[in-house]
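It should be emphasised that the depicted structure is a prediction, and the values quoted were computed from it without experimental measurement. Sequence lines set the chain letters: A, B, ... in the order given, protein chains first and strands last, and positions in each chain run from 1.
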Number of protein chains: 4
Amino acid sequence: MFLASDNAGPAHPQVMQHVLAANDGYAMPYGADDIMDSVTHKLRDIFKAPEAAVYLVATGTAANALALGCYTQPWQTVFCSPVAHIHEDECNAPEFYASGAKLTLVPGADKMTPDALRRAIEQENTRGVHGPQRGPISITQVTERGSLYTLQDLRALTAVAKDFGLPVHLDGARFANAMVALDCSAAEMTWQAGVDVVSFGGTKNGCMGVEAVVFFDPEKAWEFELRRKRGAHLFSKHRYLSAQMQGYLEDDLWLACARQANTKAARLADGLKARGADFLHAPQANMIFASFPRAVHQRLHAAGAKYYIWEGALEGTDPEEMLAARLVCDWSISEQQLDLFLSHFQ
Amino acid sequence: MFLASDNAGPAHPQVMQHVLAANDGYAMPYGADDIMDSVTHKLRDIFKAPEAAVYLVATGTAANALALGCYTQPWQTVFCSPVAHIHEDECNAPEFYASGAKLTLVPGADKMTPDALRRAIEQENTRGVHGPQRGPISITQVTERGSLYTLQDLRALTAVAKDFGLPVHLDGARFANAMVALDCSAAEMTWQAGVDVVSFGGTKNGCMGVEAVVFFDPEKAWEFELRRKRGAHLFSKHRYLSAQMQGYLEDDLWLACARQANTKAARLADGLKARGADFLHAPQANMIFASFPRAVHQRLHAAGAKYYIWEGALEGTDPEEMLAARLVCDWSISEQQLDLFLSHFQ
Amino acid sequence: MFLASDNAGPAHPQVMQHVLAANDGYAMPYGADDIMDSVTHKLRDIFKAPEAAVYLVATGTAANALALGCYTQPWQTVFCSPVAHIHEDECNAPEFYASGAKLTLVPGADKMTPDALRRAIEQENTRGVHGPQRGPISITQVTERGSLYTLQDLRALTAVAKDFGLPVHLDGARFANAMVALDCSAAEMTWQAGVDVVSFGGTKNGCMGVEAVVFFDPEKAWEFELRRKRGAHLFSKHRYLSAQMQGYLEDDLWLACARQANTKAARLADGLKARGADFLHAPQANMIFASFPRAVHQRLHAAGAKYYIWEGALEGTDPEEMLAARLVCDWSISEQQLDLFLSHFQ
Amino acid sequence: MFLASDNAGPAHPQVMQHVLAANDGYAMPYGADDIMDSVTHKLRDIFKAPEAAVYLVATGTAANALALGCYTQPWQTVFCSPVAHIHEDECNAPEFYASGAKLTLVPGADKMTPDALRRAIEQENTRGVHGPQRGPISITQVTERGSLYTLQDLRALTAVAKDFGLPVHLDGARFANAMVALDCSAAEMTWQAGVDVVSFGGTKNGCMGVEAVVFFDPEKAWEFELRRKRGAHLFSKHRYLSAQMQGYLEDDLWLACARQANTKAARLADGLKARGADFLHAPQANMIFASFPRAVHQRLHAAGAKYYIWEGALEGTDPEEMLAARLVCDWSISEQQLDLFLSHFQ
């Protein structure tokens with residue numbers, strides 16, 4: 001009953017097969033391997049972006065920090081949600097990679113709204129040379145609370161950014177989960193919606209450790225390569241990153257894995273609802289924030305279930321009685337495990 | 001006939017088996033996996049350093065830059081060879097990770113000598129607050145020219161460092177190749193010789209992409225963890241780093257691979273010598289810098305041999321006729337390939 | 001009628017006399033001038049801190065950023081008010097000088113409360129290596145809204161900091177104005193209240209451009225000297241900084257200037273109140289945020305009065321009719337000018 | 001007998017008069033003062049560069065580091081002399097302001113030669129993404145050894161830079177001394193010779209602390225303003241910088257001061273030569289490196305003469321007997337002092 005995160009499950013066998021298959025003889029290092037060529041073409045196809053610049057790194061934080069670094073001057077500020085991964089969970093990596101830039105938190109509990117974003121942008125840059133200058137907008141899709149921006153939401157946010165001439169980054173650590181949930185194309189969710197650069201996650205959805213950074217305008221390509229090397233994120237035996245991504249993309253495995261994760265999460269959410277649990281955020285992809293009695297938590301804990309107790313009780317509930325949980329389904333979780341989990345609600 | 005680098009060969013099957021074996025069910029993320037526990041203990045045993053702090057990262061540049069970052073203040077300078085990887089091949093990563101520190105190049109063509117090091121240190125820090133302050137010494141073992149520091153060499157260098165109270169880093173991207181060549185223990189080549197922190201390479205010697213950073217004094221442990229996360233080098237699915245290192249260390253595979261590489265290089269060097277080639281540096285581990293006629297280069301090139309033409313002809317030779325090559329043997333190169341290579345000398 | 005800021009008035013004649021007197025013959029550079037010795041002793045006396053380390057720089061931003069840099073690791077976050085100068089008006093200088101650290105904004109409109117500070121601190125550092133780590137607290141006294149922390153307020157804030165083992169910085173760009181308003185000693189407002197390092201302003205209160213940084217624990221002294229030089233803030237002809245500070249401190253000129261500024265502001269505030277103006281913040285030192293009719297603004301503008309229109313109308317007022325002004329009195333403003341200003345209210 | 005540096009003498013009375021005159025009433029802060037307007041126009045006239053962007057800062061290190069920062073990406077390297085101030089005397093400020101870039105030392109004892117510069121540039125950037133990328137060239141005029149680049153020298157160096165598309169910075173801490181010695185115009189020594197940005201020194205030549213940064217192509221103007229503010233080098237009471245520069249430029253005071261300093265140095269050099277001293281570098285402006293007997297040093301020391309003993313004896317001399325001195329004449333040194341100095345040679 002492992003529901004603590006989707007960063008702790010196994011890699012999908014198909015991904016591993018590609019890694020094994022790649023482990024044969026010599027391959028050109030540093031991204032010049034043939035597999036990377038095929039990955040680049042494949043991702044350009046997926047995104048319907050024949051000019052896109054495509055790079056691989058091993059961690060989501062690297063993808064985010066390097067992508068943002070290409071669009072943020074040290075005297076600028078990045079606009080993001082107060083619960084964004086780049087703010088809360090990257091130990092100042094974005095600030096590091098942007099040589100000391102700032103993050104401006106757009107007020108809100110989870111998703112940024114266009115109005116709040118506009119106000120936040122308007123409030124910066126009113127002080128000439130004295131205040132931080134306006135920099136890129138970073139949007140997390142799926143959000144850290146398991147919510148989705150609809151295509152309309154995305155377009156509304158990027159429209160605000162464009163009003164101010166600001167670039168847009170999409171943190172897609174759970175890109176596939178979002179796409180499956182929205183039933184849209186990769187192009188629709190990115191450049192067609194006004195996104196300039198995307199962190200396209202693989203690690204949480206069936207890979208060992210690989211993320212793509214896709215620039216729709218290739219002008220930043222060489223700068224990214226220099227930043228990646230300087231950040232020590234350029235792999236010599238790069239083929240093992242390429243092979244993971246190749247396996248991940250082949251036959252739409254990435255979508256299949258995401259569909260599995262989302263379906264399982266929906267099943268779990270339904271089960272929880274049927275058993276009286278309430279939700280802090282409406283579950284939309286593979287993450288659930290549910291409130292249920294302490295007694296159930298205790299039984300689950302005793303039975304070895306793994307998940308995070310979530311701070312911040314649901315409004316109107318007694319924290320002595322009710323406690324919230326963050327429950328994340330990865331692609332590999334089984335129905336049996338979910339049923340076992342639910343069984344402890346009696 | 002791939003002799004361009006030891007960073008382009010395959011991972012050893014034993015390493016891959018451990019990775020595959022690790023790919024089962026859930027594992028705690030971010031280095032809290034059980035395999036990492038065993039790796040930590042194993043490396044402490046190997047180094048006879050029961051208190052050592054042990055961390056894994058995926059690239060050699062990350063190992064070097066993060067290790068040095070822990071010992072270098074932004075206003076200091078790191079002493080190293082002019083041909084050190086940290087100076088020539090890391091696109092300013094050490095400067096980045098040390099928040100803008102400097103590198104001081106100790107004059108010399110390859111290995112640092114104690115005298116040159118002492119002079120370089122003495123020349124810094126004579127200007128009070130105005131000049132850069134003295135920082136750590138970084139030693140590369142095997143050097144970038146395929147040379148070795150003997151244990152005596154190492155102790156003489158670290159003695160200079162200790163005279164000035166400066167810490168010592170060892171860039172051991174080819175640590176195993178050096179150990180095998182010197183026929184010494186890991187402890188003798190590091191802390192017993194005065195080294196404070198070592199980048200212990202795996203990638204070039206049979207792994208996909210993993211390096212250990214070993215601090216003999218664990219006081220830097222927490223700072224390293226923060227720096228690693230901030231540098232975006234902390235893997236969520238860390239088990240795949242751990243498993244590589246586990247497979248690499250099991251049954252002394254790391255030494256066996258290094259022995260293979262060194263033995264093949266010695267065989268190649270003997271063959272080259274017998275065919276009249278001269279050496280820019282005496283080959284001591286798995287790298288060879290040999291000078292031979294252009295005509296041979298042309299035949300090798302036509303036959304598909306891969307290696308770097310090395311700038312800087314051997315003194316006393318006519319650059320129109322003679323050209324130098326850098327030839328690196330990895331663990332996987334076969335005798336047949338070497339014989340084939342040598343056959344082109346006629 | 002210049003009320004735009006206290007950073008635009010002249011230097012006091014006594015300060016200039018000291019500068020002129022210092023302009024005689026040779027003086028040791030880089031802070032080794034004799035005048036600096038006397039300044040150090042004088043400031044140690046004023047702060048009743050015989051061990052304090054005392055340095056001069058030319059701008060308030062340099063004082064803040066360098067002082068904070070000594071106490072902030074790059075992976076930490078500085079706690080401050082959302083309206084702090086270090087956040088809003090220094091173009092990311094604190095982030096720059098702290099090698100990419102973050103600022104955490106303690107919710108509130110102006111002064112930090114101990115409760116809000118405690119909650120902000122508690123909310124950081126709950127994510128192990130993933131989130132930013134807790135760093136120093138920076139308190140602005142006088143605040144950017146012209147408010148004062150009482151000694152009790154200060155002690156309550158630093159008590160929270162001490163509970164978490166965090167250092168405390170005081171941004172005292174208007175230090176003298178605060179001291180005069182609180183009628184307390186420099187020691188009471190700093191180290192006796194739990195402050196570790198203070199930016200002691202001179203520029204806004206009668207100098208040309210000089211601020212002292214005073215460390216009550218001298219352990220940071222050498223690091224500060226290196227940071228100041230590396231930041232390009234060490235003056236070769238340092239005597240001209242020393243002389244300003246010497247003139248500023250002599251015969252309590254600094255307190256006299258602050259008293260003048262505060263007294264004038266009080267007079268202005270009384271006059272405004274008598275004429276029906278409302279205050280966005282209760283004026284406590286030399287800054288006033290007052291709301292009055294647009295028509296008055298227009299008359300003042302036509303008469304050449306200089307001040308900032310302040311965004312954010314007073315609650316309950318009609319922004320079409322009423323507009324807020326930020327009015328700052330420096331030491332040199334005359335009663336005539338204030339009376340002239342008030343005369344436009346009819 | 002103060003010959004230790006030209007950074008320890010007084011400011012010229014004319015400079016002080018302008019500062020005093022500026023100390024009247026209110027002036028717009030942050031460089032918007034009227035005096036700055038006149039300074040900008042005056043410097044544009046002097047440089048025959050009507051489009052130039054002109055800024056003031058208070059220290060030479062700030063001028064250099066900020067100017068270079070505008071032209072150096074973090075992954076690049078700056079080419080300079082091994083004895084350049086930016087390398088030896090700025091405690092890593094250039095690396096700090098360029099977010100961790102590197103400095104490449106062009107081999108040589110003092111002046112860079114076009115050949116050595118070309119070789120140094122050629123040797124960088126041969127490693128693709130792995131090595132540091134080529135950045136700007138920084139030339140010091142007058143050099144740190146008191147030498148001059150002729151206009152031909154300058155044009156030859158910048159021609160090399162232009163061959164590689166690299167920008168050129170001139171560190172002109174002693175700009176006026178060089179101009180006077182070369183008897184050329186400011187335009188000839190800068191943009192007409194291929195220089196893109198110049199640090200135009202005032203501090204060492206009669207000011208309290210002010211340097212101009214002049215960009216001949218104004219495209220970097222706004223970036224410089226942001227970098228200056230972020231570096232904490234933007235003065236609120238900017239008029240005191242402006243006034244110094246105004247006084248310095250009025251009636252060619254800057255050239256008169258430099259002429260005085262150079263003339264005195266020539267007189268001193270002649271006197272030294274007549275008394276048998278030898279020179280480590282041919283004196284060309286206001287700095288002298290002379291070798292003379294220890295006994296004379298002892299007499300001078302006893303008589304209170306201030307200067308630096310220079311490491312590195314003149315070749316062919318016995319260091320037990322002969323010792324070198326660095327002697328710098330500032331604008332204010334009197335003939336009497338020089339005669340007194342020489343009198344100790346007997």
Side chain, backbone, both or neither of [X] within contact of chain B (heavy atoms, under 4.5 Å):
X        : result
D:Leu105 : neither
D:His85  : neither
D:Glu88  : both
D:Pro132 : both

- Would B:Lys102 and D:His87 count as a side-chain contact (heavy atoms from CB on, under 4.5 Å) if you check the C-alpha gap in whole Å, the side-chain angles of each, and the deciding distance to 0.1 Å? CA-CA 9 Å; B:Lys102 194 187 276 288; D:His87 174 60; 2.9 Å; yes
- Task: Using the test salt bridge (Lys or Arg N to Asp or Glu O under 4.0 Å), find all partners of D:Asp110 that sit at least two apart in sequence or belong to another chain.
- Result: none
- Spacing of SG belonging to B:Cys91 relative to CD belonging to D:Gln133, to within rounding of 0.5 Å: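 CD of D:Gln133 is found 5.5 Å from SG of B:Cys91.
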- Task: Name the member of B:Ala98, B:Gly100, B:Ala101 that forms the most heavy-atom pairs with chain D at distances under 4.5 Å.
- Result: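 Looking at each option in turn, the highest pair count goes to B:Gly100.
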- Message: Let's test your reading of the structure: which of B:Glu90, B:Arg127, B:Glu124 forms the most heavy-atom pairs below 4.5 Å with chain D?
- Response: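 Heavy-atom pairs under 4.5 Å are most numerous for B:Arg127.
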